Amino acid sequence: MSRPVAVVTGGTRGIGAATAELLADRGHDLVLGYRSRDAEAAELAEQLGERGVEVRTVRCDVADEADVERLFTVADALGPLAALVNNAGVLEQQRSMVEIDMARWRRVFSVNVFGAAACCRAAVRRMSTQTGGKGGAIVNLSSRAAQLGSPLEYVDYAASKAAVDTMTRGLALEVARHGVRVNAVRPGIIDTEIHASGGDPGRVPRLGPAQPMGRPGTAVEVAEAVVWLLSTSASYITGTVLDVSGGR
Ligand code: NAP
């Protein structure tokens with residue numbers, strides 16, 4: 001019997017890589033997108049391939065429509081698409097909103113919103129029973145920032161994640177009768193490199209202990225929620241956003 005095929009964008013480190021590992025353990029063939037870190041992608045693919053599943057890595061900037069189409073074409077070669085994790089996301093240096101220029105708003109929205117939308121569109125076209133697909137499930141990575149607004153940090157990022165929440169709800173209702181479930185998770189403060197890439201490597205040790213549970217979360221803790229939402233254990237759940245934030 002063929003294995004289910006999953007696409008994970010930004011799937012080669014952080015929350016995406018943790019999700020890829022759990023999906024491999026649960027017998028999924030994987031297509032992992034990433035932006036630029038070839039060596040890390042190759043290393044993870046080799047490691048996951050040893051678990052007896054097929055793994056393809058694709059250098060894919062989700063902000064580029066042609067790249068997204070290529071990502072899904074690679075998945076098509078493995079079999080019918082069963083799952084999409086829209087995980088690729090970016091934030092930039094902490095600034096007040098008045099200091100954020102419009103070029104930055106466009107950069108952040110290009111990846112976090114337009115990239116996620118392009119991937120949702122490509123996935124639904126393949127999964128929807130209305131267009132001959134076998135059904136499937138999508139999980140979008142939002143953020144607690146969507147509701148907190150991230151003042152003096154990154155209102156642009158927070159607004160992009162609010163758009164992800166709304167897109168999740170709207171798309172879920174559009175495709176609910178066509179075999180496709182669409183949900184999102186909102187992580188809180190999670191220990192990954194995203195904070196350093198936004199110019200604040202000390203953010204997790206600084207804010208982690210102040211969280212309601214007294215610590216930051218791990219990538220695996222978010223991945224467990226993502227994989228559960230993709231699984232048949234969540235078969236009657238669609239259009240929801242699950243906070244994975246230790247109470248934040
Ligand atoms: P991360 O450690 O910075 O990893 C980001 C991943 O996305 C990398 O694999 C990166 O590829 C890829 N990526 C970045 N820009 C891309 C683009 N334009 N096209 C394709 N791939 C791209 O991030 P993370 O912390 O795991 O975050 C994953 C998701 O969770 C994001 O959507 C983020 O907004 C969300 N989130 C994270 C936290 C947190 O505290 N960590 C909290 C809330 C929400 P390369 O490796 O090639 O650079």
Side-chain angles (χ1 to χ4, degrees), residues 8-20 32-41 43-44 59-64 67 85-119 140-165 184-223 226 243-248:
V8 184
T9 66
T12 58
R13 62 190 171 88
I15 293 167
T19 303
L32 307 179
Y34 65 100
R35 180 180 42 187
S36 57
R37 297 201 193 180
D38 299 315
E40 281 175 49
E43 194 180 321
L44 181 66
R59 197 190 245 250
C60 163
D61 180 349
V62 295
D64 182 318
D67 273 13
V85 183
N86 254 322
N87 170 75
V90 289
L91 47 72
E92 299 196 15
Q93 295 260 325
Q94 292 167 351
R95 296 271 184 274
S96 67
M97 184 167 152
V98 293
E99 293 174 302
I100 298 175
D101 63 23
M102 299 319 293
R104 169 169 154 171
W105 274 91
R106 276 188 285 275
R107 281 196 301 277
V108 169
F109 269 62
S110 290
V111 175
N112 296 2
V113 184
F114 307 151
C119 290
N140 297 322
L141 267 293
S142 175
S143 171
R144 282 295 291 136
Q147 295 189 312
L148 300 172
S150 302
L152 301 174
E153 286 196 307
Y154 9 70
V155 173
D156 54 344
Y157 171 81
S160 76
K161 293 301 188 178
V164 168
D165 286 0
V185 297
R186 283 194 207 106
I189 304 288
I190 309 300
D191 192 3
T192 71
E193 289 179 67
I194 200 168
H195 311 280
S197 61
D200 187 1
R203 189 165 185 263
V204 172
R206 191 176 67 250
L207 298 183
Q211 300 309 300
M213 286 181 66
R215 64 169 179 86
T218 66
V220 174
E221 288 174 311
V222 180
V226 171
D243 290 344
V244 184
S245 58
R248 178 178 163 88

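All heavy atoms count here, side chains included; hydrogens, waters and symmetry mates do not. FYI, the numbering just counts along the sequence from 1. The shown structure was predicted, so the numbers you read here are calculated from the model rather than taken from an experiment.
- In this structure a side-chain-to-backbone donor-acceptor pair under 3.5 Å is present from K161 to L141.
- A donor-acceptor contact shorter than 3.5 Å is absent between the side chain of N86 and the backbone of T9.
- The ring pair (Phe, Tyr, Trp, His ring centres under 6.0 Å) check on Y154 picks up Y157, with sequence neighbours excluded.
- Comment: D156 does not engage R95 in a salt bridge, judged by the lack of any side-chain N to carboxylate O separation of less than 4.0 angstrom.
- Considering every non-hydrogen atom in both S160 and V113, the closest pair reads O-CG2, 3.5 Å.
- Heavy atoms of other residues, nucleotides or ligands lying less than 6.0 angstrom from CD of E43 number 12 at most.
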side-chain contact (heavy atoms from CB on, under 4.5 Å) evaluation trace for R248 with L148: CA-CA 9 Å; R248 178 178 163 88; L148 300 172; 3.5 Å; yes
Check against side-chain contact (heavy atoms from CB on, under 4.5 Å), L91 and V108: CA-CA 7 Å; L91 47 72; V108 169; over 6 Å; no
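- For the atom pair CD1 (I189) and CE (M213), the distance works out to 14.0 Å, reported to the nearest 0.5 Å.
- Counting only distance, with no hydrogens or angles, the side chain of N87 and the backbone of V8 share no donor-acceptor pair below 3.5 Å.
- Of all heavy-atom pairs between D67 and R59, the closest is OD2-O, 4.1 Å.
- Shown here for G89 and V111, the closest heavy-atom pair between the two residues is CA-CG1, 4.2 Å.
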Test side-chain contact (heavy atoms from CB on, under 4.5 Å) applied to R206 and D200, step by step: CA-CA 10 Å; R206 191 176 67 250; D200 187 1; 2.8 Å; yes
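- Annotation for A223 and A18: closest pair CB-C, 3.6 Å, computed over non-hydrogen atoms.
- The CZ atom of R144 lies 10.5 Å from the OG atom of S150; values are rounded to the nearest 0.5 Å.
- One N or O on the side chain of R104 and one on the backbone of Q93 form a donor-acceptor pair closer than 3.5 Å.
- Among all heavy-atom pairs drawn from N112 and A88, the shortest one is OD1-O, 4.4 Å.
- The pair D243-R186 meets the salt-bridge criterion, with a side-chain N (NZ, NE, NH1 or NH2) lying under 4.0 Å from an Asp/Glu carboxylate O.
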Residue pair S197, V90: steps toward the side-chain contact (heavy atoms from CB on, under 4.5 Å) verdict: CA-CA 8 Å; S197 61; V90 289; over 6 Å; no
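- Atom CZ of R13 and atom CZ of R35 lie 6.5 Å apart (nearest 0.5 Å).
- When all heavy atoms are compared, the tightest approach of A145 to A158 is O-CB, 3.2 Å.
- The ring pair (Phe, Tyr, Trp, His ring centres under 6.0 Å) check on F109 picks up W105, with sequence neighbours excluded.
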